[in-house]
Amino acid sequence: MKKSLLIASAAILAAGSISAQRLQDGYVTWPASGQLATYVSAWNGGNGTIQIDGVDFDDHNFFISRVKPRTRIQNTDTQIRPELIPTVIKDNGEVTTGTDKRLIYWVPISNEIKGSQRLNALADGMVDGEMFSMWSYIDVWGDWNAPFGWTPGNFADVCHRNGVSVHGVASVPFGVLSSEWSSNLSAITALDADAVGKFLYYHGQDGLGYNSEWSESSGTVTGKLVTMHHGLKEYMKDRNPLWEVMWYGGTWENGSKTFDVGVTENNYPTLFKSSSVFLNYGWNDLADIEKSITFAEGISRDPFYIYAGMNMQGGEPRSGQNYDMLKDYAHSIGLWGAHSTNMLWNDRFNNGGSDLAKQQTYQKAIEQWFGNGPRNPAVQLTPTLN
């Protein structure tokens, strides 16, 4: 009798514990994407207190990484394709362009919102959580729905263990730069770059991301952002080997906006020295590709920090030679998909709604995306043109 009661009580407690571990509405306060300058100033190098809406930010520790960024070990003797080698830039600035591409995965983690609770990459007491395992295939995870300057610390820890850089994104709307975002971005550029760098380094941020598809007649704010990025690169040089700013290739350095013209002295004369560029989906013009590579090598910059954008949601680019042509040119791969949900994660229901079926479906999908159709990178497939 007592043994039965003990077992029953344990079962009830276990059920209650599982339920209690679920994130409830309002359990975690997220920082506001446009208020990074306010947080950096209030933090004051760790000597101040961050406040959100006038209340002390008690959830600060949810957004601090405890694992140092690690560089990925590369050994051509153990690679399936040993001819894939990185670019080498000598001390004199001479560039020997390699053959090994980079890849940014610019997507949300799991779902952005379940009910009214924003989850993203926060740990939750549930089986239905994204268990990504293709770390060796990606170099950067831009957490599209994490705020500008922040990502959940537990997710940054996993990225760092795998030599993958992670950042949140300034989701600036398309069109003329709004007064609100102009003010927010101006405020962060008005701060000392070392102070901003110290804040980001302390919290385990490996870069900044920009949905830069705005236009600005004066170019003042955009120009100041470029200057700040130069300072941040210098600050992170001996601190974070994964540091990388990601700039969507819409807004030019002078504040104008034109897509699909590559990366040259015309649109990014100095920005590309300290920031990577995620090209829009019309990157596949051979003349633009060749001009971009020449420009990058001319300023002693690895051309593989130019990412050819691919829209996982819409299948873009839609015309001409696309994915197969990348094997011949020194551009990397940029996957975007999408604003609110991770497209691969979103398809996990295709073979049933049980926890096991969802996870198996998701695992198969990511193995096919990042490996190949047979889910085995040792099986070499021959590209075919439509």
*Could you go step by step and tell me if Trp247 and Ser276 meet the side-chain contact (heavy atoms from CB on, under 4.5 Å) rule?*
CA-CA 6 Å; Trp247 188 270; Ser276 300; over 6 Å; no

*Evaluate side chain to side chain donor-acceptor pair (under 3.5 Å) for Thr87 paired with Asp302, printing each intermediate quantity in order.*
CA-CA 6 Å; Thr87 296; Asp302 186 351; 3.0 Å; yes

*Is the NZ or CZ atom of Lys273 positioned over Tyr268's six-membered ring, under 6.0 angstrom from the centre and within 45° of the axis?*
no

*Please work out which of the three classes, parallel, tilted or perpendicular, describes the rings of Trp150 and Tyr39, given edges at 30° and 60°.*
perpendicular

_Closest contact, heavy atoms only, Phe304 versus Arg102_ = O-CD, 3.7 Å

*Is the closest side-chain donor-acceptor distance between Asp157 and Ser65 under 3.5 Å?*
yes

*Aromatic plane relationship, Phe132 with Phe370 - under 30° parallel, 30 to 60° tilted, over 60° perpendicular*: perpendicular

_Is it the case that the side chains of Ser182 and Glu216 hold a donor-acceptor pair, with the cut-off being a distance below 3.5 Å and no angle test?_
no

*Stepwise, does the side-chain contact (heavy atoms from CB on, under 4.5 Å) test hold for Val169 with Trp106?*
CA-CA 9 Å; Val169 178; Trp106 227 10; 3.6 Å; yes

*Test His331 against Ser292 for side-chain contact (heavy atoms from CB on, under 4.5 Å), laying out the working first.*
CA-CA 9 Å; His331 275 9; Ser292 298; 3.8 Å; yes

*Verify side-chain contact (heavy atoms from CB on, under 4.5 Å) between Trp30 and Phe63, making sure each step is shown before the conclusion.*
CA-CA 9 Å; Trp30 283 75; Phe63 300 91; 3.8 Å; yes

*So, Trp369 side chain and Gly373 main chain: donor-acceptor pair closer than 3.5 Å or not?*
no

*Ionic contact status for Arg239 with Glu234, cut-off 4.0 Å*: no

_I'd like to know whether CG of Asn61 has more than 12 heavy-atom contacts from other residues, nucleotides or ligands below 6.0 angstrom._
yes

*Which pair of heavy atoms, one from Asp206 and one from Val164, lies closest together, and at what distance?*
OD2-O, 4.0 Å

*Stepwise side chain to side chain donor-acceptor pair (under 3.5 Å) check, Asn145 with Asn120*: CA-CA 7 Å; Asn145 281 315; Asn120 198 265; 5.9 Å; no

_Parallel, tilted or perpendicular: ring planes of Phe155 versus Trp141, cut at 30 and 60 degrees_ = perpendicular

_So which atom in Gly309 and which in Pro317 form the shortest heavy-atom distance, rounded to 0.1 Å?_
O-CD, 3.8 Å

*Any donor and acceptor pair, going by atom type alone, linking the side chain of Glu213 with main-chain N or O of Thr251 inside 3.5 Å?*
no

*So, the side chain of Glu297 versus the backbone of Val95: is there a donor-acceptor pair under 3.5 Å, distance only?*
no

*Using the ring of Phe272 (Phe, Tyr or Trp, six-membered ring only), decide whether Arg301 places NZ or CZ under 6.0 Å from its centre and within 45 degrees of its axis.*
yes

*Would you call the rings of Tyr210 and Trp214 parallel, tilted or perpendicular, where under 30° means parallel and over 60° means perpendicular?*
perpendicular

_Asn240 (side chain) donor-acceptor with Met236 (main chain) under 3.5 angstrom_ = no

*asked:* Check this for me: Lys224, atom NZ, are more than 12 non-hydrogen atoms of other residues, nucleotides or ligands nearer than 6.0 Å?
replied: no

*Check the pair Gln74 / Asp100 against side chain to side chain donor-acceptor pair (under 3.5 Å), numbers first and verdict last.*
CA-CA 11 Å; Gln74 185 162 9; Asp100 193 14; 3.2 Å; yes

*Below 6.0 angstrom between ring centroids: does that apply to His203 and Trp43?*
yes

